[in-house]
Amino acid sequence: MISRAGCGPSTLKSSRLSGLTTLGVGGPPDLLVRPETVEDAQAAVLRALADDVPWRVLGRGSNLVVDDDGVDGVVLQLGRLRHLRIDRGGRVAAGAGLPTSALLAGTRSAGLGGLECLVGYPATVGGVARMNAGGAWGFVAERIVGVTLIDERGELRDISSAECGFGYRTSGLDRCVVVEVRFELPAVDAAAYRADVERIHDRKSATQPLDRPSAGCVFKNPTGDSAGRLVDLCGLKGSARGAAAVSEVHGNFVVNRGGARAADVLSLIDDVREAVVQRTGVVLDLEVEVWRRRTR
């Protein structure tokens, strides 16, 4: 049984997660908690542990497919933890719920750069740290110096970047609630940096379906190759299940054409993986996270 006691000032039952994800699919959790403060978030984790129920963290809801039946346990939505503090020497502290667009704008206004890797990511600071977001323009872990988190025992801790377990689009932060991320950023020429950011955004707009609801890249790139290239090689662009379709712009994106269900998305992902392995022998690993109920 899940108790609302000690979960903070904002708790909601039966709130579908489709409206809180960039793909626009997903049913409700047992309980949705929107902490106002770090203390609220810690209280929610401690209550979930005391009630012996699972808990999960939701940022902007990108890189995520939520099952139509929703998920059991508590979902912490950290959108209210969105402070930004910029100190001398390029030291920056950002709340986990701060949108990456706000982080980029705020640091750029302060004459700081180094976050080109986050251009075009519809995510939050906590989410990009947890998944070590990035790609051709680098990875965010290269700029992170420390993280404040609530660990799996409910304890609030500060850890260094070296303790985060960063890897290729992954980290050791999966079973934690990241509440603040600290960066060290270089000073830049504001005009030149703005031009670089705009160039990257234009490049992504031309090569990714940014105008359609999606969860971002579905598959990790296999070593020495591109998942999108393999999908394209198999002639899968435009293939669909219901209202979910492989993007015509980029083969590593599944887009919601309007009213797609998670079942459509997941079936289409299975179709693509099977076709790629049959044609090329390459097994594509998921980059997106899938949330399902543990019990039905």
Side-chain angles (χ1 to χ4, degrees), residues 21-23 45 54-67 71 75-76 78 94 96-100 103 114-153 157-184 204 208 214-231 250-254 265-266 269 272-273 276-277 282-292:
T21 65
T22 58
L23 182 58
V45 171
W55 51 269
R56 307 165 189 260
V57 183
L58 180 69
R60 183 77 180 273
S62 57
N63 197 50
L64 178 64
V65 181
V66 181
D67 190 78
V71 293
V75 169
L76 298 172
L78 302 180
L98 185 75
T100 50
L103 175 66
L115 294 176
E116 295 91 339
C117 62
L118 297 183
V119 174
Y121 265 91
T124 58
V125 167
V128 295
R130 181 175 175 270
M131 70 172 291
N132 189 18
W137 291 275
F139 291 86
V140 72
E142 297 163 12
R143 301 299 183 185
I144 293 175
V145 294
V147 168
T148 300
L149 55 81
I150 301 163
D151 67 19
E152 57 189 2
R153 298 181 300 277
R157 294 196 292 129
D158 291 329
I159 65 172
S160 68
S161 178
E163 298 173 280
C164 290
F166 289 122
Y168 171 62
R169 293 186 177 174
T170 188
S171 75
L173 303 172
D174 286 354
R175 288 301 304 154
C176 304
V177 182
V178 174
V179 294
E180 182 182 87
V181 182
R182 292 177 294 282
F183 304 87
E184 188 170 293
K204 286 194 170 185
Q208 297 179 5
S214 79
C217 288
V218 173
F219 303 107
K220 295 179 180 179
N221 287 328
T223 302
D225 208 337
S226 159
R229 188 194 74 82
L230 294 173
V231 173
H250 193 306
N252 202 15
F253 283 70
V254 170
V265 174
L266 295 172
I269 289 173
V272 170
R273 293 181 83 183
V276 169
V277 76
V282 177
V283 178
L284 294 175
D285 293 326
L286 283 181
E287 181 169 318
V288 295
E289 191 170 342
V290 179
W291 286 4
R292 293 186 173 95

query = Does a side-chain heavy-atom distance below 4.5 Å link Y121 with V140?
reply = no
Residues in side chain to side chain contact (heavy atoms under 4.5 Å, CB included) contact with S214, at least two apart in sequence or another chain = F253, V255
ask   = Quick one: does L284's side chain get under 4.5 Å of K220's, heavy atoms only?
value = no
key: side chain to side chain contact (heavy atoms under 4.5 Å, CB included) partners of E184, counting only residues at least two apart   = R91, V145
For residues 124-131, which side-chain donor-acceptor pairs fall under 3.5 Å, sequence neighbours excluded?
residue : atom : partner : partner atom : Å
T124    : OG1  : A96     : O            : 3.4
T124    : OG1  : G127    : N            : 3.4
R130    : NH1  : E289    : OE1          : 3.0
R130    : NH2  : E289    : OE1          : 3.3

ask   = Mind checking what makes side chain to side chain contact (heavy atoms under 4.5 Å, CB included) contact with V57, not counting sequence neighbours?
value = W55, L78, V177
request  = With sequence neighbours left out, write down each residue that passes ring pair (Phe, Tyr, Trp, His ring centres under 6.0 Å) with F166, or none if nothing qualifies.
outcome  = none
Separation of L64 CG from T22 OG1 (nearest 0.5 Å) = 8.0 Å
query = Any side chain to side chain donor-acceptor pair (under 3.5 Å) pairs touching residues 57-66, not counting sequence neighbours?
reply = none
inquiry  = Would you say that L266 contacts R292 through its side chain, given a criterion of any heavy-atom pair below 4.5 Å between the two side chains?
reply    = yes
message = For a quick test of reading the model, state the closest non-hydrogen atom pair linking D151 to R157 and the distance between them.
response = OD2-NE, 3.1 Å
inquiry  = So, using side chain to side chain contact (heavy atoms under 4.5 Å, CB included) as the criterion, who are the partners of A215 when residues are at least two apart?
reply    = L23, V288
request  = Taking side chain to side chain donor-acceptor pair (under 3.5 Å) as the test, write out the residues that go with E287, two or more places apart.
outcome  = R169
task = Go through the structure and list residues passing side chain to side chain donor-acceptor pair (under 3.5 Å) with S160, not counting sequence neighbours.
result = E163
query = Any side-chain heavy atom of L230 sitting closer than 4.5 Å to one from F219?
reply = no
ask   = Quick one: salt bridge (charged side-chain N to carboxylate O under 4.0 Å, His left out) pairs with a partner in residues 137-147, sequence neighbours left out?
value = none
query = Any idea which heavy atoms bring A141 and S161 closest together, and the distance?
reply = O-OG, 4.1 Å
note = For T148, the side chain to side chain donor-acceptor pair (under 3.5 Å) test, sequence neighbours excluded, returns D158, R182
query = Quick one: side chain to side chain donor-acceptor pair (under 3.5 Å) partners of R229, sequence neighbours excluded?
reply = D225
key: Heavy-atom check, side chain of V290 versus side chain of L286, under 4.5 Å   = yes
query = Side chains of V277 and V282: closer than 4.5 Å at any heavy-atom pair?
reply = no
ask   = Does the side chain of L103 reach to within under 4.5 Å of the side chain of L118, using non-hydrogen atoms?
value = yes
message = Would you say that L173 contacts L149 through its side chain, given a criterion of any heavy-atom pair below 4.5 Å between the two side chains?
response = yes
request  = For the pair N252 (side chain) and C217 (backbone), establish whether a donor and an acceptor sit closer than 3.5 Å, ignoring hydrogens and angles.
outcome  = no
key: Residue pair C117 / G138: nearest heavy atoms and the distance that separates them   = CB-O, 3.1 Å
